[in-house]
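Please read the structure below before turning to the comments.
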Amino acid sequence: MDEIYDPAAVERAAQEYWERHRTFEVREDAGRQKFYCLSMLPYPSGRLHMGHVRNYTIGDVLARFMRMQGRNVLQPMGWDAFGLPAENAAISNGVPPARWTRQNIEYMRAQLKSLGFGIDWSRELATCDPSYYRWNQWLFLRMLEKGIAYRRTGVVNWDPVDQTVLANEQVIEGRGWRTGALVEKREIPMYYLHITRYADELLGDLEKLPGWPERVKVMQANWIGRSEGCEIAFPYAPDTREAMSADGALKVFTTRADTLFGATFLAIAAEHPIALAAAAGNPRLAAFIDECRRGSVMEADAATQQKKGLHTGLHVLHPFTAEPIGIWVANYVLMGYGEGAVMGVPAHDERDFEFATKNNLRIAPVVRSMTGAYERVQAPWNPAYSEYGLTVDSGEFSGLTFKAAVDAIAAALEKRGLGRKRTQYRLRDWGISRQRYWGCPIPLIHCGRCGEVPVPDEQLPVLLPEDLAPDGSGNPLNKSPAFHQCACPKCGGAARRETDTMDTFVDSSWYYMRYACPDQARAMVDGRVGYWLPVDQYIGGIEHAILHLLYSRFWTKVMRDLGLVRCEEPFTNLLTQGMVLNHIYSCATAEGRRRYFNPADVRAKREDGVEIFEATTSEGETIRVQYGGLGKMSKSDNNGVDPEGLIGRYGADTARLFIMFASPPEQTLEWSDEGVQGASRFIRRLWSAVYEHVRRGPADRVKGAQSTPQRDLRRSAQHALAKVTDDIGRRRNFNTAIAACMELLNAVGRFDDPSPGGRAVRQEALEIITLSLSPIIPHVCHALWQALGHERAPVEEPWPAVDEAALAQDTVEIVVQINGKLRGRVHVAAGVDEAAVREAALADEQVSKFVAGKPVRKVIVVPGKLINIVV
RNA sequence: GCCCGGGUGGCGAAAUCGGUAGACGCAAGGGACUUAAAAUCCCUCGGGGGCAACCCCAUGCCGGUUCGAGUCCGGCCCCGGGCACCA
């Protein structure tokens with residue numbers, strides 16, 4: 001063993017050992033309990049950032065820990081290789097996305113390997129490989145057969161200048177990111193997956209996931225948003241009948257059918273057929289509908305914009321009173337939501353109240369508060385107005401409670417054919433069409449004679465040509481006849497291949513199944529998924545709490561229904577990592593876009609007492625930039641911190657130790673490398689402690705009677721081991737596990753006993769630190785374990801068992817409180833009864849001063865810990 | 001706007017089931033070693049008062065429950081994540 005710790009040499013040796021022994025390559029073994037430990041696969045953006053290091057270190061710690069616990073551990077890795085950033089790179093430097101992506105994968109794989117993660121690289125996959133995405137296509141065709149995939153129109157962001165569809169991310173303050181043009185909404189045909197068919201199961205099965213964080217389950221439940229309510233049809237008044245040239249009714253969905261008699265207006269979306277019909281002879285309305293069409297499709301935008309509406313001049317009739325009710329077009333009603341129409345009850349709904357007040361519409365209270373929270377409904381809005389109560393002024397339905405009113409009204413509506421009870425979900429079907437090049441082609445052919453024709457299975461995969469490069473003016477597949485010109489599989493005539501590609505969430509919805517059988521050329525999955533699935537521990541960023549995790553759950557259920565897998569849920573335990581945040585700096589460019597600068601290139605200075613920021617550009621210029629607050633490390637905000645600098649300077653173990661010590665894994669972490677010195681210093685101290693110990697020759701095993709300091713060190717060591725075992729195994733709190741090892745090393749440092757008995761106790765303590773930390777800093781522990789005289793590597797060792805006998809204590813400290821305030825401490829023999837604790841406490845000088853003859857009213861004793869005397 | 005989190009010393013944090021607030025580490029200050037620096041080691045380190053023993057204040061803000069609240073409840077402020085085409 002060298003006297004000086006050389007991280008590069010230590011890490012090289014350990015990594016070579018794992019590689020030579022194929023330590024992390026695993027096979028199915030029916031005789032051993034498996035543990036599938038999975039971290040979310042990265043997008044190959046070019047470089048790892050600290051968020052990745054955090055994510056993959058958590059996974060690796062758990063994988064190595066479970067391995068030492070005797071499990072057959074699978075930890076795979078792959079690449080979420082399709083997506084927008086590759087197209088953006090192509091636009092700015094002309095490199096085809098395929099090449100850019102593959103280069104990034106090469107680089108990032110090397111970075112991951114340098115961190116020493118125990119990954120079975122033989123299972124690596126990239127979602128842009130035809131051998132992977134052909135099965136997206138294959139399953140899509142199965143979904144089409146089952147009616148789970150279907151075609152209809154959907155709304156997208158349209159850039160009128162570039163004549164192209166924009167991602168939400170590319171819409172900045174309502175304008176196209178490249179052109180600065182005002183974005184419009186446009187309806188185009190798209191393919192959807194019928195996830196709403198599974199809404200009830202996706203909601204109900206959350207209960208089968210005790211290993212998921214509560215907050216994620218709450219978010220998913222709210223997202224699915226099951227609500228029980230009524231569908232109500234308002235028959236057209238004569239004016240609407242005329243405008244629509246038909247009889248009919250305007251359908252709405254409401255959870256508050258009890259307030260039906262308080263409906264004083266109906267609000268419809270701008271795209272609603274009645275709105276379009278009314279606009280025909282109404283230029284003002286046509287202009288308003290046009291205004292609503294502008295802007296992005298994002299819900300956040302729709303929800304924060306000023307609520308505006310305009311009367312169509314048309315009416316419907318109240319289903320019971322036949323009273324005419326005006327129809328308004330409102331910008332807050334979304335066409336893709338329910339019926340694209342809502343009934344306005346201003347007296348009992350805050351948004352309707354606001355709308356009615358603004359537009360001078362009648363406010364008709366039809367619910368009386370049962371708690372007397374209000375007498376009259378009047379401005380300003382009072383949240384009690386929307387509470388349940390007793391119906392009033394509701395004709396034959398007056399005087400009913402909420403439930404009775406809804407039941408009676410629904411029954412009456414149903415009798416007249418004007419409504420019924422219905423369960424509605426907030427969840428919408430999953431639109432998977434993307435008008436983009438760098439994705440998995442949707443395997444369909446459009447034939448003038450036969451219509452939409454699926455690509456036959458034997459022609460899969462539909463290969464994505466890899467030599468194209470987008471230039472910002474739309475999907476290059478549209479301009480590539482070699483791709484889109486084809487023969488109709490049915491009639492053989494000339495036909496056009498679908499040029500839309502799939503949402504990349506499709507790719508990430510089942511990659512964890514493919515890891516079980518990455519070499520299977522004849523099927524999507526095979527029997528090996530039966531061994532490995534479900535994933536025992538999934539680790540990934542909290543930002544994926546809803547979409548990715550919900551889509552994966554849906555996909556698993558679809559595959560189950562197709563008989564491809566047996567499990568109901570893909571991820572048994574979920575650890576949602578908190579994001580690593582960093583500062584965001586940007587400036588506006590001449591073209592009206594934003595250019596982002598890495599915080600490493602930004603300096604703050606003061607000018608006239610105001611803090612300003614300057615960035616150095618790649619051309620070496622200095623330029624003034626704006627501070628945009630904190631945000632997750634990402635490619636688009638250019639605020640990632642590459643771990644390479646840290647690894648180069650301190651080694652991978654220090655980088656791993658530092659990120660794990662910084663905070664508990666679920667917590668958001670604001671990036672700062674202050675403190676990395678401490679991690680490095682600790683590893684060097686551990687190294688020299690082992691060096692100083694072993695250079696005096698081999699030590700005995702602990703046996704026989706010990707001195708008090710020896711017993712104390714043994715107790716500290718066993719206490720640390722118990723804490724690490726619980727912190728990693730149950731609590732998943734790595735920072736406190738590391739702190740326990742640091743405390744133990746401090747105790748070893750203070751322990752000064754060169755006798756054979758003392759050396760044996762020190763050997764035991766150093767071994768416990770080495771094995772305890774080996775999942776976190778595996779390279780250095782690999783070297784130290786050998787230095788401590790072991791043949792096997794730590795990865796092959798079983799996790800040590802706690803020696804309970806060594807943990808026992810003879811006396812305990814009891815905290816004494818008077819009226820809840822700390823006033824003293826007493827020491828008593830472990831396990832004495834309450835009376836003895838009370839006696840010892842009252843005998844204490846400090847304590848008796850505070851009691852001072854006052855009568856003791858109450859005594860509370862927490863055994864082994866605390867006594868509170870109330871006077 | 002809606003849904004979900006978070007806020008504790010100069011900084012990252014700990015306090016696991018309502019029971020000692022600040023473990024462990026960083027930074028800072030002081031000292032030892034050194035020709036010097038680095039490294040290493042030792043000491044101090046939430047605020048205020050006191051010669052001291054000790055006492056008072058303090059977990060974003062306001063209020064409540066409790067013998068006892070960082071932890072539970074109600075209201076508010078700020079920060080972060082998600083909002084369906086970033087992944």
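Residue numbers begin at 1 in each chain, while the letters A, B, ... track the order of the sequences. As a basis for the values below, the full set of heavy atoms in this structure was taken, side chains included, without hydrogen atoms, waters or symmetry mates. Nothing here was measured: the structure is a model prediction, and the numbers come from that model.
- Considering only side-chain N and O atoms, A:Arg426 lies nowhere under 4.0 angstrom from the phosphate OP1 or OP2 of B:rC83.
- For the P atoms, the distance from B:rU71 to B:rA14 is 16 Å, rounded to whole Å.
- Nucleic acid contact class of A:Arg434 (heavy atoms, under 4.0 Å, all strands): base.
- Among B:rA13, B:rG80, B:rG82, the nucleotide with an atom closest to any side-chain atom of A:Gln667 is B:rA13.
- Residue contacts shown for A:Leu427 include a base, since a base heavy atom lies under 4.0 Å away.
- Across all strands, A:Gln435 comes closer than 4.0 Å to base atoms (heavy-atom distances).
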Intra- and interstrand pairs of RNA chain B - dot-bracket, Watson-Crick/G-U under 3.5 Å, | marks other strand = (((((((..(((......[....))).(((((.......))))).((((....))))..(((((..]....))))))))))))....
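- A:Arg731 has a side-chain polar atom (N or O) that falls below the 4.0 Å cut-off from OP1 or OP2 of B:rA15.
- Counting all heavy atoms, side chain and backbone alike, A:Tyr551 lies closest to A:Ile195 at CD2-CD1, 4.0 Å.
- Among the atoms of the strands shown, base atoms are found under 4.0 Å from some heavy atom of A:Val156.
- Residues A:Thr501 and A:Arg434 have side chains that never bring a donor and an acceptor to within less than 3.5 angstrom of each other.
- We find that A:Arg426 and A:Glu299 are joined by a salt bridge, their nearest charged nitrogen and carboxylate oxygen being less than 4.0 Å apart.
- The shortest distance between the side-chain N/O atoms of A:Arg684 and the OP1/OP2 oxygens of B:rU40 is below 4.0 Å.
- With respect to A:Lys217 and A:Glu214, a salt bridge is recorded, a charged nitrogen being found less than 4.0 Å from a carboxylate O.
- Counting any heavy atom pair closer than 4.0 Å across all strands shown, A:Asn733 reaches no nucleic acid atom.
- In this model, a side-chain donor or acceptor of A:Arg825 finds a partner on the base of B:rU20 within 3.5 Å.
- Taking atom C1' in both B:rA39 and B:rU34, the straight-line distance is 11 Å, to the nearest Å.
- Across all strands shown, A:Gly631 has heavy atoms under 4.0 Å from sugar-phosphate atoms exclusively, and none from any base.
- Residue order along RNA chain B, read from the 5' end via each residue's closest nucleotide, puts A:Gly629 first among A:Gly629 and A:Leu41.
- Across all strands, A:Ser636 comes closer than 4.0 Å to no nucleic acid atom at all (heavy-atom distances).
- Minimum heavy-atom separation, A:Glu666 to A:Leu575: OE1-C, 4.2 Å.
- Side-chain nitrogen and oxygen atoms of A:Asn746 include none within less than 4.0 Å of the OP1 or OP2 phosphate oxygen of B:rC24.
- Phosphate proximity of B:rC54 to A:Lys849: absent, as no side-chain N or O sits under 4.0 Å from OP1 or OP2.
- A donor-acceptor contact closer than 3.5 angstrom is absent between the side chains of A:Ser508 and A:Asp80.
- A side-chain donor from one of A:Arg685 and A:Asn746 sits under 3.5 Å from a side-chain acceptor of the other.
- Between A:Arg681 and the phosphate of B:rA27, there is a side-chain N or O to OP1/OP2 separation shorter than 4.0 Å.
- Spacing between B:rC86 and B:rA28 at atom C1', rounded to whole Å, works out to 42 Å.
- Using a 4.0 Å heavy-atom criterion, one finds that A:Leu866 contacts the bases of the nucleic acid, with or without backbone contacts as well.
- Among the atoms of the strands shown, base atoms are found under 4.0 Å from some heavy atom of A:Val862.
- The side chain of A:Asn222 sits closest to B:rC3 out of B:rU20, B:rA87, B:rC3.
- Put simply, CG on A:Asp507 is 10 Å from P on B:rA87, counting in whole angstrom units.
- Using a 4.0 Å heavy-atom distance criterion, A:Tyr332 is classed as making no nucleic acid contact.
- Comparing the C1' positions of B:rC33 and B:rC41 gives an interatomic distance of 8 Å, to the nearest angstrom.
- Comparing B:rA53 with B:rC17, their C1' atoms sit 36 Å apart, to the nearest whole Å.
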request  = Do nucleotides 56-77 of chain B as a string where each nucleotide becomes B, S or -: B if the base has a protein heavy atom under 4.0 Å, S if just the sugar-phosphate does, - if no protein is that close.
outcome  = SS---------B----------
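- The A:Pro664 side chain lies nearest to B:rA14 when the options are B:rA14, B:rU20, B:rA27.
- Close to B:rC24, at under 4.0 Å from its OP1 or OP2, lies no side-chain N or O of A:Asn735.
- With hydrogens and angles left out, the side chain of A:Gln305 and the base of B:rG1 share no donor-acceptor pair within 3.5 Å.
- Phosphate contact (OP1/OP2 of B:rA87, side-chain N/O of A:Thr504, threshold under 4.0 Å): present.
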